Amino acid sequence: MEENNFSGRPYLRIMFECCRIYQRIYRDRDGMFYEGRCPGCLRMVRFKVGRGGTNVRDFAVY
Ligand SMILES: [Zn+2]
């Protein structure tokens, strides 16, 4: 359980290739997904949180 850990809220670093912008996206309230929007075109992206977690923090979205 990580309910009370909002100060250290996990995030991913996403490279939005559509607009060539880096943006952090944060884990949603349920802790099931990382959710965010491209700040350029507002495209929404969503990554499922892996059961064992992931060490990979950098993703590119095309
Ligand atoms: Zn975009």
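Note that this is a predicted model, so its numbers are computed, not measured.
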Q: Rounded to the nearest 0.5 Å, how far apart are CD1 of Ile25 and CG of Leu12?
A: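 Taking CD1 in Ile25 and CG in Leu12, the distance rounds to 5.0 Å.
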Q: Cationic tip of Arg46 within the cone over Tyr34's six-membered ring, i.e. under 6.0 Å and within 45° of the normal?
A: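 Checked: cation-pi criterion not met.
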Q: On a heavy-atom basis, which atom in Ile21 and which in Pro39 lie closest, and how many Å separate them?
A: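 Heavy-atom minimum between the residues: CG2-CG, 3.5 Å.
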Q: Can you tell me if OH on Tyr26 sees more than 12 non-hydrogen neighbours from other groups inside 6.0 Å?
A: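 Buried by this count: over 12 neighbours within 6.0 Å.
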Q: Taking all atoms of both residues into account, what is the closest heavy-atom pair of Arg43 and Phe16, and its distance?
A: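 Looks like O-CE2, 4.4 Å.
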Q: CZ of Arg27 to CZ of Phe33: how many Å apart, nearest 0.5 Å?
A: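 Atom-to-atom, Arg27:CZ and Phe33:CZ are 12.0 Å apart.
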Q: Could you give the distance from CD (Gln23) to CD1 (Ile14), rounded to the nearest 0.5 Å?
A: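 So the gap between those two atoms works out to 9.5 Å.
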Q: For the pair Asp30 (side chain) and Met32 (backbone), establish whether a donor and an acceptor sit closer than 3.5 Å, ignoring hydrogens and angles.
A: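 Side chain of Asp30 to backbone of Met32, a donor-acceptor pair under 3.5 Å: no, none is there.
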Q: Does the pair Glu17 and Met15 meet the rule for a side-chain contact (heavy atoms from CB on, under 4.5 Å), with working shown?
A: CA-CA 6 Å; Glu17 290 287 346; Met15 177 68 186; 3.7 Å; yes
Q: About how many Å separate CZ of Arg20 and SG of Cys38, when rounded to the nearest 0.5 Å?
A: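 Atom-to-atom, Cys38:SG and Arg20:CZ are 12.0 Å apart.
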